[in-house]
Engineer: 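Please see the structure below; I have some questions.
Quick note on labels: first sequence line is chain A, next is B, and so on, each numbered from 1. All of these numbers come straight from a predicted model, not from anything done at the bench.
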4 protein chains.
Amino acid sequence: MRTGRPRDEKVRLAILRAAQELVLEKGYSAVTTADVAKRAAAGKQTIYRWWPGKGALVLDAFSEWVSQAPRMSRRKPSLSSTLVEFCRGASEAAPVLRALMAEAQFDEDLHRRLIAQLVRPRGDELRACLADRRPADRELVVNVLSGLVWQRLMLNEPLDARFVRFALRVVQRI
Amino acid sequence: MRTGRPRDEKVRLAILRAAQELVLEKGYSAVTTADVAKRAAAGKQTIYRWWPGKGALVLDAFSEWVSQAPRMSRRKPSLSSTLVEFCRGASEAAPVLRALMAEAQFDEDLHRRLIAQLVRPRGDELRACLADRRPADRELVVNVLSGLVWQRLMLNEPLDARFVRFALRVVQRI
Amino acid sequence: MRTGRPRDEKVRLAILRAAQELVLEKGYSAVTTADVAKRAAAGKQTIYRWWPGKGALVLDAFSEWVSQAPRMSRRKPSLSSTLVEFCRGASEAAPVLRALMAEAQFDEDLHRRLIAQLVRPRGDELRACLADRRPADRELVVNVLSGLVWQRLMLNEPLDARFVRFALRVVQRI
Amino acid sequence: MRTGRPRDEKVRLAILRAAQELVLEKGYSAVTTADVAKRAAAGKQTIYRWWPGKGALVLDAFSEWVSQAPRMSRRKPSLSSTLVEFCRGASEAAPVLRALMAEAQFDEDLHRRLIAQLVRPRGDELRACLADRRPADRELVVNVLSGLVWQRLMLNEPLDARFVRFALRVVQRI
DNA sequence: CTGTAAACGAGACGGTACGTCAAGTCTTACC
DNA sequence: GGTAAGACTTGACGTACCGTCTCGTTTACAG
């Protein structure tokens with residue numbers, strides 16, 4: 001049986017919400033774990049008990065945010081609509097995504113989490129839209145598309161409609 | 001006319017060499033400007049007088065390194081040989097490139113320098129190999145290739161021969 | 001009438017024993033209430049329910065220890081033998097006594113407890129050996145002797161036989 | 001030759017003054033190194049560069065304070081006047097002295113500093129007043145007097161005129 | 001040859017974030 | 001209501017790195 005005081009879900013949510021708000025307000029690098037604790041009316045120690053650092057915390061905060069917009073559609077979505085939606089989300093969260101990917105370059109653990117929580121799921125979504133392609137082609141397309149998107153993010157170029165058309169044109173050629 | 005003591009070229013080179021050595025030995029994030037100054041038998045101030053920070057310094061250090069292997073060939077190189085060479089270089093310097101691109105996400109100025117000194121030149125090299133393609137296609141291919149490479153770097157996946165074959169296959173389809 | 005579960009004497013003793021052991025093993029300041037709880041297989045709350053803090057707990061732990069060596073002698077003991085015994089005890093427990101007196105300087109409540117449980121009883125023992133002196137002299141001697149001992153403790157100087165001779169010489173002069 | 005930027009005397013004094021002021025205002029344990037740094041408009045690191053911690057800093061701050069009241073008298077002062085002066089100073093600074101002696105019980109280095117900077121000098125002053133006594137007696141008296149004073153401090157009892165008379169009576173008997 | 005002005009090595013400095021630690025309180029389920 | 005377990009808030013701690021500053025010294029060029 002589990003003993004001791006159970007983890008307080010309200011505190012967990014308050015921390016995630018505070019992290020998200022602060023990052024949106026001031027940007028990733030201007031936020032400190034102490035700021036988040038303050039805003040969440042929590043102790044710094046509580047944050048460090050459950051997350052290894054700012055990166056993993058912010059990643060969780062935005063992972064939950066993404067998950068709150070569930071993909072309900074029962075039917076297989078089209079590639080183009082998925083890509084549009086994909087770029088819209090990435091565009092909104094661009095500063096956070098850039099910061100997380102950057103931080104992950106300095107932090108092996110965060111790198112793993114980032115891939116598992118953000119990179120892979122998005123790849124899988126794309127893959128799901130390409131069920132009718134041959135497996136080898138599918139990987140090609142997924143790699144090219146996500147490569148284009150991440151490059152665009154890191155080079156701080158817009159992920160707009162023009163980009164989506166560009167990407168789709170590339171894919172049709174393959 | 002400029003008066004005062006002129007900049008000491010030996011010092012400049014010692015700093016660049018020290019930066020390069022230390023980054024190769026301990027990795028980008030484990031090196032501080034103070035470390036570089038110490039190793040180069042220079043003062044921290046001398047570093048900050050000529051570079052805005054660690055990022056720009058390391059970028060310069062590795063730009064010079066890259067330039068030391070000049071592309072001598074007078075004749076237009078093939079895309080595949082260029083890509084092979086490209087990946088070989090990127091693979092060797094992968095940890096530094098990852099760190100610089102990451103740091104650039106937090107530093108507007110470094111971001112500009114990185115694009116001007118590393119990203120754009122490499123794009124131009126690729127473009128030069130694609131002189132026979134239609135301009136629109138050329139951009140497509142350059143984008144896709146550099147997207148694939150940077151993604152590979154940031155996800156810490158190998159830029160090996162298998163990857164080169166993969167990339168070339170993609171390009172041939174376009 | 002008292003309701004609810006009565007205080008568990010075994011727990012009380014386990015806590016006191018754990019506190020004593022740990023303080024002897026690692027020293028007062030290296031021990032935390034959490035450590036004591038762990039060793040005693042008790043909860044931190046149980047400690048804080050019955051003692052205001054580490055200081056009072058350790059004081060109790062060592063008060064009991066001291067009391068376990070009860071002074072049985074029915075006849076009035078001599079000053080010199082009392083002093084010898086006094087110094088022997090103080091010497092053994094010196095680190096704890098130093099720490100408790102130190103802690104008491106930052107904690108009003110512990111200060112009172114320390115005086116009531118350790119300082120005053122020892123003064124009274126001395127007083128009992130000086131029944132044949134004039135009251136005013138008696139206070140003089142008690143003050144001088146306990147002053148010498150506490151000073152010796154706080155300055156971390158030995159309370160050895162040489163010191164006892166020294167102290168007795170002082171007293172004979174008064 | 002001394003190289004590098006020399007230590008800034010103004011900063012050193014600002015830190016000592018800030019430490020002294022804050023300790024007098026809020027009491028030793030309510031003051032943190034960060035507070036002192038803030039008040040002195042200094043960096044925390046600057047404090048830790050020159051002092052091992054709060055204890056040594058406060059000790060220095062009050063050592064200087066004591067030294068600013070120099071004993072100018074060329075002629076040998078009387079024991080009683082020295083003792084009066086002694087008690088007056090100890091009485092004023094009582095809270096700080098108690099805290100420092102307490103802290104020193106947990107900190108070997110501070111203990112040494114405290115003895116060298118405060119305990120020994122005061123003992124020497126007393127010794128100087130007892131030049132006409134036999135050496136063995138002298139030590140006796142010095143020990144008894146300082147023992148009485150420190151005990152009085154640690155037990156938080158007043159070092160008033162009554163105490164001085166008491167102490168002098170003791171000494172005359174020896 | 002001499003004065004001036006910038007470069008330089010050394011390292012102190014103010015500032016800020018970090019991650020850890022202990023103290024004391026609170027919340028479960030069990031007894 | 002006592003108890004074990006352990007999560008919680010709070011706040012000090014000491015460290016690390018950043019970029020600036022302030023010394024004394026060195027080096028070129030100007031007068």
Engineer: So which one's nearest nucleotide on DNA chain E is more toward 5', C/K54 or A/A30?
Structural biologist: A/A30

Engineer: Look at all strands and tell whether B/K44 reaches a base, only sugar-phosphate, or nothing, counting heavy atoms closer than 4.0 Å.
Structural biologist: base

Engineer: Roughly how many Å is it from CZ in B/R39 to C1' in E/dA10, rounded to a whole number?
Structural biologist: 19 Å

Engineer: Which residue in the set C/K26, C/K38, C/R39 passes salt bridge (charged side-chain N to carboxylate O under 4.0 Å, His left out) when paired with C/E21?
Structural biologist: C/R39

Engineer: Taking for each residue the nucleotide of DNA chain F bearing the nearest heavy atom, is the 5' side occupied by B/G53 or by D/P6?
Structural biologist: B/G53

Engineer: NZ of A/K10 versus C1' of E/dT28: gap in Å, rounded?
Structural biologist: 13 Å

Engineer: Would a 4.5 Å heavy-atom cut-off, applied to side chains only, mark B/M101 and A/L155 as touching?
Structural biologist: yes

Engineer: Select from A/A40 and B/Y48 the residue whose nearest nucleotide in DNA chain F is closer to the 5' end of that strand.
Structural biologist: A/A40

Engineer: Can you check the A/Q45 CD to F/dA7 P distance for me, whole Å?
Structural biologist: 11 Å

Engineer: For the side chain of B/D8, starting at C-beta, report the closest nucleotide among F/dT3, E/dC8, E/dG14.
Structural biologist: E/dC8

Engineer: Does D/V31 offer a backbone N or O that forms a donor-acceptor pair with the side chain of D/K54 under 3.5 Å?
Structural biologist: yes

Engineer: Would one find a side-chain N or O of A/R49 under 4.0 angstrom from OP1 or OP2 of F/dC8?
Structural biologist: yes

Engineer: Does a donor on one side chain and an acceptor on the other come within less than 3.5 Å for D/Q105 and C/Y28?
Structural biologist: no

Engineer: For B/D35 and B/T32, test the side chains for any donor-to-acceptor distance below 3.5 angstrom and give the result as yes or no.
Structural biologist: yes

Engineer: Whole angstrom is fine here: how far is it from CG in A/D35 over to P in E/dG19?
Structural biologist: 13 Å

Engineer: Within the 4.0 Å heavy-atom criterion, would you say B/A37 contacts the bases, only the backbone, or no part of the nucleic acid?
Structural biologist: nothing

Engineer: Look at the side-chain N and O atoms of C/W50 and state whether any lies under 4.0 Å from the OP1 or OP2 oxygen of F/dG2.
Structural biologist: no

Engineer: Starting at atom CD of B/E9, determine the distance to atom C1' of E/dA7, rounded to an integer number of angstrom.
Structural biologist: 14 Å

Engineer: Between atom CD in D/E103 and atom P in F/dC13, what is the gap in whole Å?
Structural biologist: 9 Å

Engineer: Is the backbone N or O of A/M154 less than 3.5 Å from a side-chain atom of B/H111, with the two atoms forming a donor-acceptor pair by type?
Structural biologist: yes

Engineer: Rounding to an integer number of Å, can you tell me how far A/L110 CG sits from E/dC18 P?
Structural biologist: 14 Å

Engineer: D/T32 near the nucleic acid: base, sugar-phosphate alone, or nothing, with a heavy-atom cut-off under 4.0 Å?
Structural biologist: sugar-phosphate

Engineer: Just the rounded figure in Å: distance from P of F/dC8 to NZ of A/K38.
Structural biologist: 20 Å

Engineer: Let me spell it out: for each of D/I15 and B/A41, pick the nucleotide of DNA chain E with the closest heavy atom. Which residue's pick is nearer the 5' end?
Structural biologist: B/A41

Engineer: So, under a plain 3.5 Å distance rule, would you say the side chain of B/R5 forms a donor-acceptor pair with the base of E/dA6?
Structural biologist: no

Engineer: OP1 or OP2 of E/dG11 versus the side-chain N and O atoms of D/T3: is any pair under 4.0 Å?
Structural biologist: no

Engineer: Distance check: side-chain N/O of C/T33 vs OP1/OP2 of E/dA22, anything under 4.0 Å?
Structural biologist: no

